[in-house]
Each structure stands twice: as structure tokens, then as C-alpha cells.
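One structure below.
We name chains A, B, ... by the order of the sequence lines, and we start the count at 1 in each one.
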There are 2 protein chains.
Amino acid sequence: MKDAPARRTLAEIRASGMTIEDCPIRDVIAGLSGKWSVLILLALEEAPHRFGALRRAVPDVSQRMLTITLRDLQRDGLLTRTVHPTVPPSVEYALTELGQSLVQAVLPLIGWADRHHGAIRGARRSFDAAGL
Amino acid sequence: MKDAPARRTLAEIRASGMTIEDCPIRDVIAGLSGKWSVLILLALEEAPHRFGALRRAVPDVSQRMLTITLRDLQRDGLLTRTVHPTVPPSVEYALTELGQSLVQAVLPLIGWADRHHGAIRGARRSFDAAGL
DNA sequence: CAGTATCCTGCTTGATACTG
DNA sequence: CAGTATCAAGCAGGATACTG
């Protein structure tokens with residue numbers, strides 16, 4: 001059911017007088033362009049996670065970048081942040097419905113990445129070997 | 001002992017020879033994270049374009065960034081670059097099969113962006129209005 | 001545990017000028 | 001037409017230390 005759209009991009013966007021900053025495509029891509037956003041969303045799609053659990057689930061993310069990225073995703077309405085008033089505190093992050101629908105939309109790309117990553121690496125080697 | 005590797009620092013990762021290229025998801029996302037890659041791929045999915053036509057099709061892209069982005073996409077095997085030995089020269093860019101399959105994998109995300117961009121903007125306004 | 005605060009580096013991008 | 005070359009600015013991101 002998510003199949004019909006598509007051709008909406010260039011002609012229509014320019015015809016409607018949108019600037020590049022108002023372009024939904026660029027805005028969403030920019031949101032996912034961070035180094036960690038997609039990995040965090042994928043981790044949360046499996047189950048809600050606490051802060052520390054997310055750190056372990058997303059290897060190599062720094063505390064600082066995890067905090068910042070989570071706040072951006074929360075701001076965009078993609079996940080909820082729930083503070084449990086325990087001692088020590090625990091904070092649980094979970095996808096909203098909007099976030100879940102985004103993950104579904106990203107999944108085809110993830111699958112593509114897995115299937116074709118080898119081809120990309122091969123293309124890079126050929127390109128570089130050609131000495132350009 | 002099985003969870004030891006979770007806390008590697010970036011320095012240690014580099015020292016061990018690992019790069020971002022070793023994670024397919026991050027590598028592909030990084031490739032699309034440029035400010036222009038997706039828009040260029042979408043333009044080329046409509047039809048092959050010459051350099052100047054691409055500049056017009058992707059508003060606000062600078063000559064420099066278009067050159068660089070096209071080169072990266074070519075290097076990854078996503079598009080072909082064909083020089084026609086005319087005077088003045090003309091260069092045509094077209095998607096490879098790999099590039100076409102990537103566009104198909106990105107299309108659901110494009111559709112999602114169109115449908116939910118308003119919700120994201122609304123969430124941002126609420127979040128900012130809450131004074132955080 | 002779940003963050004802040006601070007400092008610092010390098011990459012990405014833009015502007016501008018030049019070329020085959 | 002389709003690029004290259006060079007310079008400069010801004011921001012993303014990392015390391016480290018501190019806190020309620």
C-alpha cells in the first residue's frame with residue numbers, strides 16, 4: 001500500500017515554488033543523516049531501551065552524541081522519553097507510531113544495504129584501481 | 001567477556017583498522033547523507049541528464065558539490081559517466097542497475113517523507129513551545 | 001544511571017576564480 | 001560545457017571531566 005507514490009520529487013517541487021529547505025525529502029534525509037539516528041531507531045524498533053542499554057546496543061556511540069541524537073529524534077516526534085523517578089534514575093526510550101512508520105519506510109533501504117554492500121565495495125575498488 | 005568490544009573508542013577502532021565501511025547500514029546511509037545525493041539519484045531516475053541539466057534539476061547545488069557528489073556516486077557504481085567527444089564537450093550521467101535498485105529501495109522513504117513531513121514539523125513546534 | 005559542560009579537530013560546504 | 005583549484009567558515013562529532 002506504500003507503493004503508489006514516487007514521481008513527486010523534482011518537477012512538482014519546483015513547480016510549487018518550494019525551496020530546498022522546505023523540501024520534505026531533504027528535511028527527512030537530513031534527520032537521518034546523523035551518524036547514529038538510523039541505528040538508534042532500529043534498536044528501538046526491537047524493543048524500548050534505557051539509555052545505558054542503547055549505548056550497548058549501538059556500539060561506539062559516545063554518550064554525548066547519543067544524548068543529542070535522542071533529543072533530536074524526540075523533538076521530531078519519533079520517540080518518547082519516559083523518566084522513572086527511581087534512585088538512581090532510569091529513562092526509557094520508545095518509538096512513537098510515527099517513529100515505527102519511519103522504521104518501516106527505512107527497512108527496504110536497510111535490506112538493500114545488506115544485499116548490495118559487497119557490490120559497492122567492489123565498485124570502489126575498481127574505480128580506485130583505475131587510478132582516478 | 002563476550003560483551004567486551006562494546007566500549008571501544010574511536011581511536012581504538014581506527015587503530016584496529018576498522019572503518020565506517022565495515023557496517024553496511026552506516027556505509028550506505030553515509031553515502032546518501034550528503035546534501036544532494038538523493039536528489040541527484042531521483043533526477044536521474046526520471047531520465048539520464050547532462051551536467052548542466054542536473055544543475056538546473058537540483059536547485060541550489062553548487063558546481064563544485066555537484067561534481068564531487070557525482071564522482072562519489074560513480075565510484076560506488078550507482079551511475080555511469082559518458083563523455084561525448086563533441087565541441088563543446090557534453091557528459092551524460094545515467095543510473096546503473098545498481099543505482100536503479102537503490103532508488104527503488106529509497107522510494108518508500110520518499111513517500112513517507114511526503115506524507116509525514118507535516119507531522120514532524122508539528123512535533124518540532126510542540127517540542128520547542130514546551131520550552132526545552 | 002543518565003546525563004552536562006567544555007574544549008578541540010577535521011570534514012563538509014560555499015564562494016570565487018580559472019581552464020580545456 | 002563541464003569541469004579544477006584554492007581559500008575560508010561552520011558545524012558535526014570525539015575526548016574528557018563533572019553532576020543530581
### Message
Strictly distance-based, threshold 3.5 Å: is any side-chain N or O of A:Arg26 a donor or acceptor partner for the main-chain N or O of B:Lys35?
### Response
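Flag set: sc A:Arg26 to bb B:Lys35 pair under 3.5 Å.
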#### Entry: Any donor-acceptor N/O pair, A:Ser37 side chain to A:Leu73 backbone, under 3.5 Å
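Looks like no, no N/O pair under 3.5 Å.
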Please report the distance, rounded to the nearest Å, between [atom1] in [X] and [atom2] in [N].
X: B:Ile68; N: D:dA2; atom1: CD1; atom2: C1'; value: 14 Å
X: A:Phe51; N: C:dA2; atom1: CZ; atom2: P; value: 8 Å
X: B:Arg26; N: D:dA12; atom1: CZ; atom2: C1'; value: 14 Å
X: A:Leu66; N: C:dC1; atom1: CG; atom2: P; value: 14 Å
X: B:Leu70; N: D:dC1; atom1: CG; atom2: P; value: 16 Å
X: B:Glu92; N: D:dC1; atom1: CD; atom2: C1'; value: 14 Å
X: A:Arg71; N: C:dA2; atom1: CZ; atom2: C1'; value: 14 Å
X: B:Arg55; N: D:dC1; atom1: CZ; atom2: C1'; value: 11 Å

Say you draw a straight line from [atom1] of [X] to [atom2] of [Y]; how long is it, rounded to the nearest 0.5 Å?
X: B:Thr96; Y: B:Leu79; atom1: OG1; atom2: CG; result: 7.0 Å
X: A:Leu102; Y: A:Leu41; atom1: CG; atom2: CG; result: 6.0 Å
X: B:Gln100; Y: B:Leu44; atom1: CD; atom2: CG; result: 10.0 Å
X: B:Arg50; Y: B:Arg56; atom1: CZ; atom2: CZ; result: 8.5 Å
X: A:Tyr93; Y: A:Leu54; atom1: OH; atom2: CG; result: 8.0 Å

### Stepwise side-chain contact (heavy atoms from CB on, under 4.5 Å) test for A:Ile25 and B:Leu109
CA-CA 8 Å; A:Ile25 300 173; B:Leu109 182 59; over 6 Å; no
### Message
A:Leu66 vs A:Ile40, test: side-chain contact (heavy atoms from CB on, under 4.5 Å). Steps then yes/no.
### Response
CA-CA 9 Å; A:Leu66 183 54; A:Ile40 291 172; 3.5 Å; yes
What are the atom names and distances for every N/O pair under 3.5 Å that joins the protein to nucleotides 14-17 of chain C?
residue	atom	partner	partner atom	Å
C:dG14	OP1	B:Lys35	NZ	3.1
C:dG14	N7	B:Arg64	NE	3.1
C:dG14	O6	B:Arg64	NE	3.3

### Query
When you match A:Pro88 and A:Ser33 each to their closest nucleotide on DNA chain D, which lands nearer the 5' end?
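The 5'-side residue here is A:Ser33.
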### Heavy-atom side-chain proximity of B:His117 to B:Arg121 below 4.5 angstrom
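Of all side-chain heavy-atom pairs linking B:Arg121 with B:His117, at least one is under 4.5 Å.
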### Query
Would you say the side chain of B:Asp76 lies within less than 4.5 Å of the side chain of A:Phe127, judging by non-hydrogen atoms?
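Contact flag for A:Phe127/B:Asp76 side chains = no.
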### Query
Within the structure, does a side-chain N or O atom of A:Arg50 lie under 4.0 Å from either OP1 or OP2 of C:dA2?
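Checking C:dA2 against A:Arg50, a side-chain N or O does come within under 4.0 Å of OP1 or OP2.
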### Query
Using a cut-off of less than 4.0 Å, is there contact between a side-chain N or O of B:Tyr93 and OP1 or OP2 of D:dC1?
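Checking B:Tyr93 against D:dC1: no side-chain N or O falls below 4.0 Å of OP1 or OP2.
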### Summary
Given Watson-Crick and G-U pairs under 3.5 Å, DNA chain C in dot-bracket ([ ] crossing, | other strand) is ||||||||||||||||||||
### Query
So which of residues 77-85 of chain A are in contact with DNA chain C, with a heavy-atom cut-off of under 4.0 Å?
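Those residues whose heavy atoms fall under 4.0 Å from DNA chain C, taken from residues 77-85 of chain A in numerical order, are A:Arg81.
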